[in-house]
Engineer: 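Would you mind keeping the following structure in view while I ask a few things?
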2 protein chains.
Amino acid sequence: MANKNMQNHSASKTTDPVSITLTDRLFDTLQRAIVEGEIPSGSKISEPELARRHGVSRGSLREAIGRLEARKLVKRKPNLGARVVTLSYEQLIEIFQIREALEGMAARLAAQNMSDQEIEALQALLEAHGEQIEEQHGLAYFQKQGDLDFHYRIVQGSKNRQLIGLLCDDLYHLLRMYRYQFGMRSKRSRQAYDEHHYLLNAIVARDGEMAELLMRQHIRSSRRNVESMLLETF
Amino acid sequence: MANKNMQNHSASKTTDPVSITLTDRLFDTLQRAIVEGEIPSGSKISEPELARRHGVSRGSLREAIGRLEARKLVKRKPNLGARVVTLSYEQLIEIFQIREALEGMAARLAAQNMSDQEIEALQALLEAHGEQIEEQHGLAYFQKQGDLDFHYRIVQGSKNRQLIGLLCDDLYHLLRMYRYQFGMRSKRSRQAYDEHHYLLNAIVARDGEMAELLMRQHIRSSRRNVESMLLETF
DNA sequence: GAACCCAAAAGTGTCGACAGTTTTTATGTA
DNA sequence: TACATAAAAACTGTCGACACTTTTGGGTTC
């Protein structure tokens, strides 16, 4: 059982300017639990129970829930409490439409704004992915982690802070939740890898227009793959 | 001075299922105050003072501030408190880039998904705008309110809930804040009106591709207008 | 047995108080 | 006067308690 009053995490005063607040940690913990399905999608969140389980007051818990709501991982109704968001085929499609628009723009901006070093690093990352695919027929790894890594770097490369926040802080967590809980492994990793290559070439050429086009096509392909995969389930 | 304990807003029990929570109202109030510049951009938010002024406990105020942070209207740092976001030329450009991507997609989807009635209503709205421009040379009205109305309906017409939330609940408030505080009146209202017409025609023809193209061009024009206007100031 | 009503239990909304941190002010020294 | 230092004031983070709302579980009536 967690102890109750630990405002002073007293160890290591030298290298500890983080001063991360209790609510912050709680938020991270809960977000992970929700994304990975540990707290099931659609389930009700009981404030007293969760607060007790994490050894924390309801006030702090409430702030954390508020942030989860801002990221659309939970939905709250006045006097009725909060529920973990329920995943649906329709919502997933909506997310892909948004990604197509937003990441397309990100790719366009990245082609303009990424530094040469960043581009080189991205090339190296992609090479590593290629080897992984050869080596271990690494379908799972590539689709789940590598793909997100690649997209993540493109978004960062856009240098548009608002855009980065929108995608990396908000949307991607929801997307990861779908990946975890719908088990979205794919037989498409080889093709996705190739598409990443085309896109990167456009960025190397600093061709924003082309980069946007390719990114949008890449995400559309990915969406179609998900559609066909899920239509079996639903 | 507001009284302290008014949990029972006892009047009108019959037509009052709203049960809007105190935090909700506070949030609305503060959001308006920030957007309209009543609480100046960049200023620090003192929790004790604001709580006292609104006759509310710090806990409730804190939740409201949390939501304002989610909408990027304030920024919080641990142990240092919250400040109203500082507006900048760069951030405004970033917002226009995001709008171009997101509203472009919204227009595409609206061309597919708007009902015939919604389209008719939108045509009527546009007619009204046209008359207003003739009549009173209504530059101010059109740019500030009418333009947003039009865009708002297109976004609604996309029928993409995530997209609607992203734009209408989050981004538009920040945009309104810039309009208020940068005083963005424009001599471009006639052209903007025409562009709205072209866009609407594409929607009537159910041509999503064209609608996206026109919307993106419309927003780019609007951005260039803002750029040239602000470059005088900065 | 189903529908209704009412008290009890559980849950959410709001508050005031305390703990720890940052900022300000007061004080002493070079 | 300028600067370092320490006390104090102000502020944020967290908690437990109370008020109001919703849900639950019996009991009553038809």
Side-chain angles (χ1 to χ4, degrees), chain A residues 1-30 39 42-69 74-84, chain B residues 1-30 39 42-69 74-84:
Chain A
M1 180 166 294
N3 63 350
K4 198 158 76 182
N5 229 340
M6 50 168 295
Q7 209 139 342
N8 56 340
H9 43 115
S10 51
S12 74
K13 229 170 202 165
T14 56
T15 59
D16 209 14
V18 278
S19 174
I20 215 167
T21 187
L22 177 54
T23 301
D24 282 331
R25 281 186 305 238
L26 190 55
F27 168 68
D28 288 338
T29 303
L30 292 180
I39 304 178
S43 69
K44 185 168 188 314
I45 292 180
S46 163
E47 293 181 5
E49 186 198 331
L50 257 195
R52 192 160 16 86
R53 175 146 31 154
H54 290 268
V56 120
S57 89
R58 267 186 59 227
S60 303
L61 176 65
R62 262 163 146 279
E63 289 212 21
I65 292 179
R67 285 199 231 169
L68 291 171
E69 186 181 24
V74 313
K75 195 156 170 17
R76 216 182 215 165
K77 288 181 185 171
N79 286 320
L80 295 185
R83 307 190 83 91
V84 178
Chain B
M1 178 165 296
N3 64 351
K4 200 158 75 181
N5 228 340
M6 49 167 297
Q7 209 140 340
N8 55 340
H9 42 114
S10 52
S12 76
K13 230 171 200 165
T14 56
T15 59
D16 208 14
V18 280
S19 174
I20 214 166
T21 187
L22 177 53
T23 302
D24 282 331
R25 282 187 305 238
L26 190 56
F27 168 68
D28 287 339
T29 303
L30 292 180
I39 304 178
S43 69
K44 184 170 187 314
I45 291 179
S46 163
E47 293 182 5
E49 186 198 331
L50 257 194
R52 190 160 19 84
R53 175 146 32 153
H54 290 268
V56 120
S57 90
R58 267 186 59 228
S60 303
L61 176 65
R62 259 161 149 280
E63 289 212 22
I65 292 179
R67 286 198 230 170
L68 291 171
E69 187 182 23
V74 313
K75 195 157 168 17
R76 214 181 216 166
K77 287 181 185 170
N79 286 321
L80 295 184
R83 307 191 82 90
V84 179

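Every heavy atom of this structure was used, including side-chain atoms; hydrogens, water molecules and symmetry mates were not. In what follows, chains carry the letters A, B, and so on, assigned in the order in which the sequence lines appear, proteins first and then strands, with residues in each chain numbered from 1. As the structure is a prediction and not an experimental result, all values here were calculated from the model.
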Engineer: Round to the nearest Å and state the distance from B/Leu22 atom CG to D/dA19 atom P.
Structural biologist: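 Spelled out: CG on B/Leu22 to P on D/dA19 is 17 Å.
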Engineer: Take the protein atom CD of A/Glu63 and the nucleotide atom C1' of D/dC15, then report the distance between them rounded to whole Å.
Structural biologist: 12 Å
Engineer: Within the structure, does a side-chain N or O atom of B/Ser57 lie under 4.0 Å from either OP1 or OP2 of C/dT14?
Structural biologist: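 So the side-chain polar atoms of B/Ser57 never come under 4.0 Å of the phosphate oxygens OP1 or OP2 of C/dT14.
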Engineer: Quick one: CG on B/Asp28 to CG on B/Asp24, what's the gap to the nearest 0.5 Å?
Structural biologist: 7.0 Å
Engineer: Look only at the side chain of B/Arg83 and the backbone of B/Gly42, and say whether a donor-acceptor pair between them is shorter than 3.5 Å.
Structural biologist: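 Such a contact is found between B/Arg83 side chain and B/Gly42 backbone.
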Engineer: Please enumerate all protein N or O atoms sitting under 3.5 Å from an N or O of nucleotides 8-12 of chain D, with distances to 0.1 Å.
Structural biologist:
{"residue": "D/dT12", "atom": "OP1", "partner": "B/Lys44", "partner atom": "NZ", "Å": "2.9"}
{"residue": "D/dT12", "atom": "OP1", "partner": "B/Ile45", "partner atom": "O", "Å": "3.4"}
{"residue": "D/dT12", "atom": "OP2", "partner": "B/Glu47", "partner atom": "N", "Å": "3.3"}

Engineer: C/dG20 C1' sits how many Å from A/Ile20 CD1, rounded?
Structural biologist: 17 Å
Engineer: Between C/dT14 atom C1' and B/Phe27 atom CZ, what is the distance in whole Å?
Structural biologist: 19 Å
Engineer: Just the rounded figure in Å: distance from P of C/dG11 to CZ of A/Arg76.
Structural biologist: 16 Å
Engineer: Any chance you could measure A/Glu69, atom CD, to A/Ile45, atom CD1, to the nearest 0.5 Å?
Structural biologist: 10.0 Å
Engineer: Do other residues, nucleotides or ligands put more than 12 heavy atoms under 6.0 Å from B/Lys75 NZ?
Structural biologist: no
Engineer: Hey, does the side chain of B/Ser60 come within less than 4.0 Å of C/dC15's phosphate (OP1/OP2), counting only N and O?
Structural biologist: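 Yes, because at least one side-chain N or O of B/Ser60 sits under 4.0 Å from OP1 or OP2 of C/dC15.
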Engineer: Check the distance between C/dT12's P and A/Arg52's CZ and give it to me in whole angstrom.
Structural biologist: 12 Å
Engineer: Mind checking side-chain hydrogen bond (donor to acceptor under 3.5 Å, both in side chains) for B/Arg58 and listing every partner two or more places apart, or none if nothing turns up?
Structural biologist: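 For B/Arg58 the side-chain hydrogen bond (donor to acceptor under 3.5 Å, both in side chains) partners, ignoring immediate neighbours, are B/Glu47.
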Engineer: Quick one: CD on A/Glu63 to OG1 on A/Thr21, what's the gap to the nearest 0.5 Å?
Structural biologist: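 That separation rounds to 8.0 Å.
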